Each structure stands twice: as structure tokens, then as C-alpha cells.
Trainee: 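I have a structure I would like to understand better, so I am pasting it below and will then ask my questions one at a time.
In this chain, residues are counted from 1 in sequence order. Predicted model only: the values in this text are computed from it and were never measured. The figures that follow rest on heavy atoms only: side chains count, while hydrogens, waters and symmetry mates do not.
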Amino acid sequence: MLRPRRAMSAGQFAVLFLALSLAMFLVAGYAWSRGNVFAPAFALLDAAFIAAVLRWVWRQGERFEVIALDERRLEVRRSARPGPDFVAHPYWVRLRVDGDEDGQRVLLACQGRQVEVGAFLSPGERRDLAARLERMLAAARRRGLDQRD
């Protein structure tokens with residue numbers, strides 16, 4: 001199973017926002033003391049904008065996919081949905097990589113259905129994901145055939 005991980009925790013985002021806001025308000029206070037009466041208002045608007053952007057970045061970091069694979073079942077779950085997006089027997093699943101080097105798509109297909117995985121990853125990470133999935137599918141197929149005997 002491939003597990004998601006976060007780049008920054010909520011506390012780290014809060015500390016980042018506080019540090020940026022403190023620096024911004026110190027500069028605005030200095031500018032106000034030198035006669036710029038609009039600096040504090042601009043600092044408030046800037047702080048609101050930075051808070052909104054950091055929140056958006058945090059929400060984007062919550063996107064993940066969980067790919068669970070054993071000898072009888074391959075399942076793809078996404079963070080936005082409660083149930084699985086794709087379920088199939090690994091023996092019948094085919095991995096396809098479409099596109100050129102920079103715009104590759106990793107697709108899992110079975111019985112006329114397909115799902116793209118790793119769309120939010122960089123091209124290099126998608127290549128690594130495709131290679132790892134190919135190895136995991138081959139191992140699951142071998143284990144599934146060994147259990148039939």
C-alpha cells in the first residue's frame with residue numbers, strides 16, 4: 001500500500017503565517033511612523049491574502065490516493081470520495097502509460113473501465129509510480145497463480 005504524507009503540519013503553517021505577518025506588520029509600523037498612513041491598512045489586506053493562499057495550499061496538500069493491492073484485489077481510493085474509485089482482480093488489471101515524457105498519464109484498466117492514478121505527481125514521480133505498480137502487479141499475479149495450485 002502506498003501511503004500519503006504531508007509536507008507541512010497545521011502548526012508549521014500557523015508558525016509560517018505568524019512569522020510572515022509579524023514581519024509585515026513591523027514594516028508597516030515603521031512606514032506608518034515615517035508618515036505612510038495607508039501602510040497598516042495595506043498590511044491587513046496583505047495578511048488576509050496570505051492567509052487565504054496558505055489555506056488553499058494546505059487544502060491542496062490533502063489530496064491523496066491509496067492504492068491497496070493483494071493477490072485477490074486491487075483497489076484505488078481517493079481523498080475526496082468515501083468509497084473506492086476502482087476495484088478489480090490484479091490478474092486482469094493492465095497498466096498503461098500514455099503520453100510523452102513530460103505529460104505521462106498512468107492508467108489502470110480492467111474490463112473496459114480505467115482509472116488514472118498519480119495525476120498530481122511530477123513526471124518523474126509518475127514514472128516511479130508506474131514502475132512500482134508494474135512490479136507489484138506482477139508479484140500479486142504470481143502469488144495468485146501459486147495459490148491456485
Trainee: State, with a plain yes or no, whether a side-chain heavy atom of L107 is found less than 4.5 Å away from one of L95.
Mentor: no
Trainee: Working to the nearest 0.5 Å, report the span between CG of L54 and CZ of F49.
Mentor: 10.0 Å
Trainee: Decide yes or no for P123 and Q104: does some side-chain heavy atom of the first lie under 4.5 Å from some side-chain heavy atom of the second?
Mentor: no
Trainee: Side-chain heavy atoms nearer than 4.5 Å, only ILVMFWY residues, links allowed to pass through others: does that put L129 and F120 together?
Mentor: yes
Trainee: Could you tell me whether the side chain of V106 reaches within less than 4.5 Å of the side chain of E116, counting heavy atoms only?
Mentor: no
Trainee: Indicate yes or no for a side-chain donor-acceptor contact from R77 to the backbone of P82 under 3.5 Å, with no hydrogens or angles considered.
Mentor: yes
Trainee: Measuring from L26:CG to L22:CG, what's the distance to the nearest 0.5 Å?
Mentor: 4.5 Å
Trainee: About how many Å separate CE of M24 and CZ of F17, when rounded to the nearest 0.5 Å?
Mentor: 6.5 Å
Trainee: Testing the 3.5 Å rule here: is there a donor-acceptor pair between the side chains of Q114 and R94?
Mentor: no
Trainee: Assigning hydrophobic clusters by single linkage (Ile, Leu, Val, Met, Phe, Trp, Tyr; side-chain heavy-atom cutoff under 4.5 Å), is L16 placed with W56?
Mentor: yes
Trainee: Would you find a donor on one side and an acceptor on the other, under 3.5 Å apart, between the side chain of R142 and the backbone of L137?
Mentor: no
Trainee: Within 45 degrees of the ring normal and closer than 6.0 Å to the centroid, is that where the cationic atom of R113 sits relative to F86?
Mentor: yes
Trainee: Is the closest side-chain heavy-atom distance between D46 and I50 below 4.5 Å?
Mentor: yes
Trainee: Between V76 and V93, is there shared hydrophobic-cluster membership here, with clusters defined by ILVMFWY side-chain heavy atoms closer than 4.5 Å?
Mentor: yes
Trainee: Under the side-chain contact (heavy atoms from CB on, under 4.5 Å) test against R72, which residue among L69, D70, L74 passes?
Mentor: D70
Trainee: Mark yes when over 12 heavy atoms from residues, nucleotides or ligands other than F42 sit less than 6.0 Å from its CZ; otherwise mark no.
Mentor: no
Trainee: Let's go through R55 and F13 carefully: what are the C-alpha distance in whole Å and the side-chain angles of both, what is the deciding distance for side chain to side chain contact (heavy atoms under 4.5 Å, CB included) to 0.1 Å, and is it a yes or a no?
Mentor: CA-CA 9 Å; R55 178 162 172 72; F13 267 105; over 6 Å; no
Trainee: Is the shortest distance from a Lys or Arg side-chain nitrogen in R78 or D85 to a carboxylate oxygen in the other one below 4.0 Å?
Mentor: yes
Trainee: Measuring from D128:CG to E125:CD, what's the distance to the nearest 0.5 Å?
Mentor: 7.5 Å
Trainee: Side chain of E71, backbone of R141: donor and acceptor closer than 3.5 Å?
Mentor: no
